[in-house]
*Asks:* 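Let me give you the structure first, and then I'll get to my questions.
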Amino acid sequence: MVTVTKEHFSPGQILASGQCFRMEEVKEGIWELVAGDRYLKIEETEEEHVFRFHCGEEELRDFWAPYFDLEGDYGAYKKRIDPADAYLVRAADFGRGIRILKQDLWEMIVTFIISQQNNIRRIRRIVQLLSETYGKKCVSGEGKVYDSFPGPGELARATEADLRACNLGYRSRYIRKTVEMVLGGEVDLKALEGMDYPAARAELMRLSGVGGKVADCICLFALHHLEAFPVDTHIKKVLDEQYPEGFPFERYAGFQGVLQQYIFYYVLHGRP
DNA sequence: TCCCAGGCCTTGC
DNA sequence: GCAAGGCATGGG
């Protein structure tokens with residue numbers, strides 16, 4: 001068990017920001033999450049900004065701190081927001097505890113192919129079902145049993161019909177093809193990790209079922225390219241309504257993706 | 001019954 | 001090159 005003291009960090013807001021789909025609030029102030037084949041429990045404490053992570057010092061340093069981007073200076077991002085942009089100021093303040101996670105690349109590829117033309121609750125259910133069906137049963141140090149997210153080899157066991165049985169619908173064919181492309185070495189996940197944003201985005205779009213928006217989500221939530229700015233149906237509406245002259249991307253060069261998450265969360269959970 | 005959800009692919013021009 | 005349909009499923 002480790003104590004973590006951090007500002008601009010709220011597990012509840014990260015959960016509700018819809019970037020990870022295998023995190024849940026099991027009781028008030030207690031969250032559990034599975035990332036790849038790892039499990040973590042986090043508890044809020046009486047003290048503001050202080051949390052208990054149910055893991056060792058080493059695992060915190062080597063895995064969970066990078067995963068939650070705990071070294072990132074989100075206060076600095078907020079300070080660079082144009083004070084005259086009332087909408088963005090409100091959104092950033094409302095989502096002040098959000099961080100951009102560094103999640104597993106393969107998991108994000110599959111998850112965000114599933115996400116298209118779908119709603120967040122249903123995405124969670126499908127990802128959970130996929131993990132139960134094709135992942136591995138694991139046990140945490142404290143005895144919690146959970147299902148890892150299935151890797152390409154494990155998902156290869158699923159036929160298109162099997163995937164349809166997991167409620168993937170027409171996305172089943174995309175997943176099948178994507179699994180084949182990755183297993184066949186047509187797209188190299190290792191190489192993707194080393195690419196810059198434009199190269200990674202273009203390479204990801206070669207995968208079946210991955211267009212610009214999904215590629216941007218993968219770039220943002222797995223590869224941590226903070227310049228990626230996924231435009232989905234919600235964001236498009238905000239851009240049309242709040243930024244008819246265009247969103248000032250140049251002003252926020254290098255961290256537009258952080259602002260995108262503030263806006264997305266504000267649209268879903270904020271007051272109009 | 002219709003509309004929408006963190007869109008993408010295929011077709012037709 | 002681009003606009004228009006089609007696509008699974010579930011909730012409001």
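These numbers come from a predicted model, not from an experiment. Chain letters run A, B, ... following the sequence lines, proteins first, then strands; residues in each count from 1.
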*Asks:* By the 4.0 Å heavy-atom rule, please label A/Thr111 as base, sugar-phosphate, or nothing.
*Replies:* nothing
*Asks:* Mind checking A/Arg121 for me? I need base, sugar-phosphate or nothing, with any heavy atom below 4.0 Å counting as a touch.
*Replies:* sugar-phosphate
*Asks:* Quick check on B/dG6: is either OP1 or OP2 less than 4.0 Å from any side-chain nitrogen or oxygen of A/Thr233?
*Replies:* no
*Asks:* If the test is side chain to side chain donor-acceptor pair (under 3.5 Å), which one of A/Lys41, A/Lys144, A/Glu43, A/Glu59 qualifies with A/His54?
*Replies:* A/Glu43
*Asks:* Would you tell me if any nitrogen or oxygen in the side chain of A/Arg164 comes within less than 4.0 Å of OP1 or OP2 on C/dA8?
*Replies:* yes
*Asks:* Could you pick out which residue, A/Gly209 or A/Gly18, lies toward the 5' side of DNA chain B when each is mapped onto its nearest nucleotide?
*Replies:* A/Gly18
*Asks:* Please give, in whole Å, the distance from B/dC9 P to A/Arg176 CZ?
*Replies:* 18 Å
*Asks:* Please report the distance, rounded to the nearest Å, between CZ in A/Phe21 and C1' in B/dG6.
*Replies:* 7 Å
*Asks:* Hey, mind stepping through A/Gln103 and A/Glu107 against side-chain hydrogen bond (donor to acceptor under 3.5 Å, both in side chains) and telling me if it holds?
*Replies:* CA-CA 8 Å; A/Gln103 302 181 76; A/Glu107 186 171 344; over 6 Å; no
*Asks:* Between C/dA3 and B/dG6, how far apart are the P atoms? Round to whole Å, please.
*Replies:* 25 Å
*Asks:* What's A/Ile126 touching, base or sugar-phosphate or nothing? Going by heavy atoms closer than 4.0 Å.
*Replies:* nothing
*Asks:* When you compare B/dT10 with C/dA8, how far apart are their P atoms, in angstrom units rounded to a whole number?
*Replies:* 13 Å
*Asks:* Measure the distance from CD on A/Gln117 to P on B/dG7 and round it to the nearest whole Å.
*Replies:* 6 Å
*Asks:* Rounded to whole angstrom units, what separation is found between the OH atom of A/Tyr174 and the P atom of C/dG6?
*Replies:* 14 Å
*Asks:* Could you check whether any side-chain heavy atom of A/Lys6 comes within less than 4.5 Å of a side-chain heavy atom of A/His49, counting everything from C-beta outward?
*Replies:* no
*Asks:* Nearest whole angstrom, please: distance from the C1' of C/dG10 to the CZ of A/Arg124.
*Replies:* 16 Å
*Asks:* Counting side-chain heavy atoms from CB outward, which of B/dG7, B/dG6, C/dG10 is closest to A/Arg122?
*Replies:* C/dG10
*Asks:* Between A/Phe63 and A/Arg38, is there a cation-pi geometry (under 6.0 Å to ring centre, at most 45° from the normal)?
*Replies:* yes
*Asks:* Expressed in angstrom and rounded to an integer, what is the separation of A/Ile123 atom CD1 from B/dC4 atom C1'?
*Replies:* 13 Å
*Asks:* A/Phe264 stacking on B/dG6: centroids under 5.5 Å, ring planes under 30°?
*Replies:* yes
*Asks:* To the nearest Å, give me how far apart CG (A/Asn118) and P (B/dA5) are.
*Replies:* 12 Å
*Asks:* Describe the nucleic acid contact of A/Phe221 in one word from base, sugar-phosphate, nothing, applying a heavy-atom distance below 4.0 Å.
*Replies:* base
*Asks:* Looking at A/Lys136 and A/Glu154, does any basic side-chain N land under 4.0 Å from a carboxylate oxygen?
*Replies:* yes
*Asks:* Check this for me, if you would: do A/Arg61 and A/Glu57 make a salt bridge, where the nitrogen-to-carboxylate-oxygen distance has to be below 4.0 angstrom?
*Replies:* no
*Asks:* Which part of the nucleic acid does A/Arg173 contact within heavy-atom distance under 4.0 Å: base, sugar-phosphate only, or nothing?
*Replies:* nothing
*Asks:* If you pin A/Lys213 and A/Val210 to their nearest nucleotides in DNA chain B, which one's is more 5'?
*Replies:* A/Lys213
*Asks:* Quickly work out the A/Leu168 CG to C/dG10 P distance and round it to whole Å.
*Replies:* 12 Å
